[in-house]
Amino acid sequence: MENIQSNFIRDKIITDMNESSDSYKIITRFPPEPNGYLHIGHAKAICLSFGLADEFGGQCHLRFDDTNPSKEEQEFVDSIKEDIQWLGWDWGSSLYYASDYFDQLYDFAIKLIQKNLAYVDDQSHETIRDQRGTLTEAGINSPFRDRSIEENEALFQKMKNGEFPDGSRVLRAKIDMTSGNINLRDPILYRIMRSTHHRTGNNWCIYPMYDFAHGQSDSIEGITHSLCTMEFEDHRPLYDWIIDALGIHHPQQIEFARLNLSHTVLSKRRLNRLVTEGYVTGWDDPRMPTLSGLRRRGYSSESIRNFCEIIGIAKRQNTVDFSLLEHCIREDLNVNAPRVMGIIDPIKVIIDNYPSPQIEYLDAVNNPMKPELGTRKLPFGKELYIERSDFEENPPSKYYRLYLGNEVRLRYAYFITCVGFDKDDTTGEITAVHCTYDPDTKGGNAPDDRKVKGTIHWVSAKESIDVNVRKYDRLFNVENPDFDDDFLSSLNPNSFIEIQNSKVEINLKDEKIGFKCQFERNGYFVIDKDTTSSRLVFNQIVALRDSWNKKINQ
RNA sequence: UGCCCGGUGGUGCAGCGGUAGCACAGGGGACUUUGAAUCCCCUGACCUAGGUUCGAGUCCUAGCCGGGCAGCCA
């Protein structure tokens with residue numbers, strides 16, 4: 001799974017390291033706001049920053065950008081840490097919070113005021129917004145812009161001391177109200193907000209804006225390469241302005257395009273709606289592109305890291321096809337998942353000439369990709385279950401499974417020939433298929449070298465267990481629901497289906513939640529957490545590729 | 001018609017002035033005790049127009065198209 005391919009950021013880092021006279025360690029960072037769950041798009045950013053630090057012997061910091069207490073919670077801090085660790089990354093002792101820097105940030109603000117580069121504005125929310133101008137018209141200066149340094153310092157101190165009501169005043173940078181870059185039109189640095197912070201409690205009633213916290217937090221931590229998504233590109237001039245004004249360490253910010261995945265949404269707001277409005281069962285619903293959802297679905301962290309590696313890093317807008325993610329998990333599970341007999345939609349097979357009371361045990365390979373994992377015993381008897389789709393009353397051409405008169409191989413067992421079937425006359429449903437077996441083909445080999453085209457899977461009717469199987473499909477029917485205002489209208493109503501009477505081989509009876517395997521000829525499955533002591537529940541992680549199904553659908 | 005970024009097969013990513021390549025998807029074949037996996041083959045792309053150059057996907061200019069920015073969100 002080593003597919004390291006370079007990208008413009010990695011190239012830049014290599015250049016920087018080569019050009020640096022003194023050898024320095026690169027320091028990157030992943031700076032989530034603890035206000036939601038991480039998703040596959042975050043994984044891209046995480047793998048980039050942690051991966052680069054790892055590759056070049058540097059360090060990646062995990063820093064929570066917790067500057068807005070009204071939206072942030074400890075629950076999210078915990079889930080974010082869990083997800084990053086699950087992905088296999090280690091921030092070591094470099095766990096930080098922007099809130100750790102509140103004192104320093106306050107001092108920075110004072111310094112800006114003293115350099116006459118920041119001022120307290122008494123105007124209302126609305127007035128400030130109106131004065132900001134528009135995309136095509138310049139803004140106008142606040143009447144409070146030219147207050148004296150002394151007055152600004154005293155006022156800001158009073159803001160901090162809680163002498164003014166929420167929202168009544170803000171601290172603003174004094175830059176340029178006519179700038180084409182709106183971020184430079186005297187951006188707000190601090191606001192008054194009496195909200196209990198998940199870490200600093202009620203110590204503060206003023207909180208720095210993200211734009212005033214982020215760049216300096218990077219600076220304080222000595223970040224060398226600050227990698228973020230494109231929407232912050234316009235903010236870089238502001239960060240540079242503040243850092244230059246303060247005369248502190250200057251990290252280098254480099255932007256890259258965020259990930260879009262086809263047939264799903266990746267915006268926090270929309271993911272949140274899916275959860276709160278009940279379109280999915282929770283943040284870890286197996287259909288969700290969240291890391292907790294993918295984990296429950298059965299995706300391995302290795303497969304997600306590999307995915308993040310092969311999608312690459314660039315600046316252009318992109319939508320990665322979901323099938324690439326599926327390819328990554330298949331690639332992993334193909335070599336690592338033990339094979340098992342599992343019948344999702346069973347139909348009974350009766351072997352008419354099989355000596356009735358007899359049960360015999362046949363050898364089955366655990367994982368053909370890893371022969372060293374050996375074999376197991378499969379109980380075989382007169383009554384079996386096979387997949388309903390493996391029998392056809394009216395077989396299409398090139399169909400080489402079971403139909404009247406045709407011989408197939410039961411994998412690891414015997415050749416059987418279909419001699420008849422039972423049909424419910426009122427419903428038209430096939431209730432059982434009758435076959436004869438050839439005792440000389442035990443194990444699946446014919447002594448006369450006779451060939452059969454089809455090999456199908458099966459379980460003993462008597463010695464198998466009933467399980468539930470949950471199958472998932474893409475959450476949305478359109479490729480880019482995230483680009484659509486009315487994204488809910490394209491929800492796929494068939495994204496989840498549960499089959500209640502599936503059968504799996506008896507050997508699975510004691511397997512635990514999280515166990516992954518391949519149901520031969522079907523797909524990869526994982527035991528879901530909804531499993532009870534009396535009933536196993538399987539999630540289909542991804543189906544096997546199916547060229548037959550593709551063909552008949554043409 | 002402010003500022004910023006970007007346009008290479010269906011999708012994603014390379015190509016760093018010298019014959020446009022890789023992966024996924026798609027099509028075909030070989031093999032097969034999983035119609036899987038594996039192997040082989042194929043289809044298919046440089047937004048447009050000028051310019052610089054012996055030579056431009058690459059450099060320059062203009063245009064067109066796509067995206068981002070007007071939270072006391074991050």
Side-chain angles (χ1 to χ4, degrees), chain A residues 3 5-8 11 31-33 35-36 65-68 70-72 121 124-125 128-130 132-139 166-172 178-185 187-193 206-207 209-211 213-214 229-237 255 257 259 262 268 310-328 330-331 334-335 339 364-365 368-369 398-401 409-413 415 443-445 452-457 479 483 518-523 543-552:
Chain A
N3 282 310
Q5 67 173 12
S6 203
N7 57 63
F8 74 98
D11 294 344
E33 183 190 18
N35 70 342
D65 271 341
D66 52 353
T67 55
N68 185 358
S70 65
K71 292 186 173 179
E72 297 150 6
D121 196 336
S124 71
H125 201 314
I128 289 178
R129 192 216 305 132
D130 293 344
R132 188 148 33 222
T134 67
L135 293 177
T136 52
E137 297 163 47
D166 282 10
S168 61
R169 284 178 170 80
V170 290
L171 182 73
R172 292 228 256 169
T178 68
S179 174
N181 182 347
I182 290 176
N183 296 118
L184 262 21
R185 315 237 265 231
I188 290 167
L189 270 22
Y190 265 94
R191 72 281 218 190
I192 304 172
M193 173 165 49
I206 57 171
Y207 290 96
M209 295 291 291
Y210 170 85
D211 277 345
H214 189 81
T229 43
M230 301 283 296
E231 65 267 31
F232 295 107
E233 196 155 31
D234 289 339
H235 296 240
R236 177 154 41 87
E255 305 85 9
L259 169 70
S262 73
K268 260 187 199 179
I310 67 182
I311 56 175
I313 300 290
K315 297 187 77 160
R316 63 187 95 103
Q317 180 177 126
N318 63 84
T319 300
V320 175
D321 203 304
F322 201 92
S323 64
L324 188 56
L325 223 203
E326 295 182 328
H327 168 260
C328 289
R330 284 196 188 104
E331 193 178 41
N334 176 47
V335 335
R339 264 87 255 226
V365 175
M369 304 301 288
K398 293 280 185 60
Y399 182 85
Y400 47 78
R401 276 111 93 154
R409 169 167 40 233
L410 292 176
R411 184 154 223 229
Y412 300 130
F415 283 15
N445 297 300
V452 288
K453 287 286 277 179
T455 298
I456 65 176
H457 59 285
E479 190 166 306
F483 300 172
Q518 182 196 101
F519 287 4
E520 293 218 20
R521 302 206 310 131
N522 268 316
L544 248 34
R545 293 184 66 198
D546 187 350
S547 58
W548 168 250
N549 190 40
K550 214 176 273 172
K551 180 175 277 181
I552 60 175

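Note on naming: letters A, B, ... go to the chains in the order of the sequence lines (proteins, then strands), and numbering restarts at 1 for each one.
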K.L.:
Not counting sequence neighbours, which residues clear salt bridge (Lys or Arg N to Asp or Glu O under 4.0 Å) with A/Glu520? List them please.
P.N.:
A/Arg411
K.L.:
Taking B/rC22 as the reference, what is the distance to B/rC54 when you measure between their P atoms (whole Å, please)?
P.N.:
32 Å
K.L.:
Does B/rG44 adopt a syn or an anti glycosidic conformation, taking syn as a chi angle within 90° of 0?
P.N.:
anti
K.L.:
Could you measure between the two C1' atoms, the one in B/rG15 and the one in B/rC73, and give it in whole Å?
P.N.:
40 Å
K.L.:
For nucleotides 23-25 of chain B, print each protein N/O atom paired with a nucleotide N/O atom at under 3.5 Å, atom names and distance only.
P.N.:
from, atom 1, to, atom 2, distance (Å)
B/rC24, O2', A/Ser323, OG, 3.4

K.L.:
Please list, chain by chain and in numerical order, all residues satisfying salt bridge (Lys or Arg N to Asp or Glu O under 4.0 Å) with A/Arg409, sequence neighbours excluded.
P.N.:
none
K.L.:
Mind checking salt bridge (Lys or Arg N to Asp or Glu O under 4.0 Å) for A/Asp65 and listing every partner two or more places apart, or none if nothing turns up?
P.N.:
A/Arg63
K.L.:
When we call it a touch if two heavy atoms are under 4.0 Å apart, what does A/Asn445 touch: a base, just sugar-phosphate, or nothing?
P.N.:
base
K.L.:
Please name all residues satisfying ring pair (Phe, Tyr, Trp, His ring centres under 6.0 Å) with A/His327, sequence neighbours left out, ordered by chain then number.
P.N.:
none
K.L.:
How far does the C1' atom of B/rA62 sit from the matching atom of B/rU1, given to the nearest Å?
P.N.:
15 Å
K.L.:
Within the distance-only criterion (no hydrogens, no angle test), does the side chain of A/Ser262 pair as donor or acceptor with the backbone N or O of A/Phe322 below 3.5 angstrom?
P.N.:
yes
K.L.:
Between B/rG17 and B/rC60, how far apart are the two C1' atoms, rounded to whole Å?
P.N.:
14 Å
K.L.:
Taking side-chain hydrogen bond (donor to acceptor under 3.5 Å, both in side chains) as the test, write out the residues that go with A/Lys551, two or more places apart.
P.N.:
none
K.L.:
Please report the distance separating the C1' of B/rA37 from the corresponding atom of B/rC46, rounded so that it comes out in whole Å.
P.N.:
35 Å
K.L.:
Just jot down the salt bridge (Lys or Arg N to Asp or Glu O under 4.0 Å) partners of A/Arg169, sequence neighbours excluded, or say none.
P.N.:
A/Asp122
K.L.:
Want to know the stems of RNA chain B: at least 3 consecutive Watson-Crick or G-U pairs with distances under 3.5 Å, which are they?
P.N.:
B:2-7 with B:64-69, B:10-13 with B:21-24, B:26-30 with B:38-42, B:47-51 with B:59-63
K.L.:
Which salt bridge (charged side-chain N to carboxylate O under 4.0 Å, His left out) pairs, counting each pair once, include a residue from residues 313-325 of chain A, with sequence neighbours left out?
P.N.:
A/Glu233-A/Lys315
K.L.:
Can you tell me, in whole Å, how much space there is between the C1' of B/rU52 and that of B/rC4?
P.N.:
27 Å
K.L.:
Side-chain N or O of A/Arg316 versus OP1/OP2 of B/rA14: is the shortest distance under 4.0 Å?
P.N.:
yes
K.L.:
Rounded to the nearest Å, what distance is computed from the CD atom of residue A/Glu255 to the P atom of nucleotide B/rC3?
P.N.:
18 Å
K.L.:
Under 3.5 Å, is there any donor-acceptor pair linking the side chain of A/Gln518 to the base of B/rU34?
P.N.:
yes
K.L.:
Give me, pair by pair, the N or O atoms of the protein and of nucleotides 63-67 of chain B that are less than 3.5 Å apart, along with how far apart they are.
P.N.:
from, atom 1, to, atom 2, distance (Å)
B/rG67, O4', A/Gln317, NE2, 3.2

K.L.:
List the residues meeting side-chain hydrogen bond (donor to acceptor under 3.5 Å, both in side chains) with A/Asp166, not counting sequence neighbours, and say none if there are none.
P.N.:
A/Arg194
K.L.:
Identify whether any heavy atom of A/Leu184 sits under 4.0 Å from a base atom; if not, whether one sits that close to sugar-phosphate; answer base, sugar-phosphate or nothing.
P.N.:
nothing
K.L.:
Is there a donor-acceptor contact under 3.5 Å from the side chain of A/Asp234 to the main chain of A/Asn181?
P.N.:
no
K.L.:
Looking only at atom P, what distance separates B/rG57 and B/rC39, rounded to whole Å?
P.N.:
34 Å
K.L.:
Give A/Thr455 one of three labels, base, sugar-phosphate or nothing, depending on what nucleic acid heavy atoms sit under 4.0 Å from its own.
P.N.:
sugar-phosphate
K.L.:
Could you state the atom-to-atom distance from NZ of A/Lys315 to P of B/rA14 in whole Å?
P.N.:
12 Å
K.L.:
Using the C1' atom on both, measure B/rG10 against B/rU43 and round to a whole Å.
P.N.:
12 Å
K.L.:
What is the per-nucleotide protein-contact pattern of nucleotides 69-74 of chain B, from the 5' end, where B denotes a base atom under 4.0 Å from a protein heavy atom, S denotes such proximity for sugar-phosphate atoms only, and - denotes neither?
P.N.:
BBSBSB
K.L.:
What's A/Phe415 touching, base or sugar-phosphate or nothing? Going by heavy atoms closer than 4.0 Å.
P.N.:
nothing
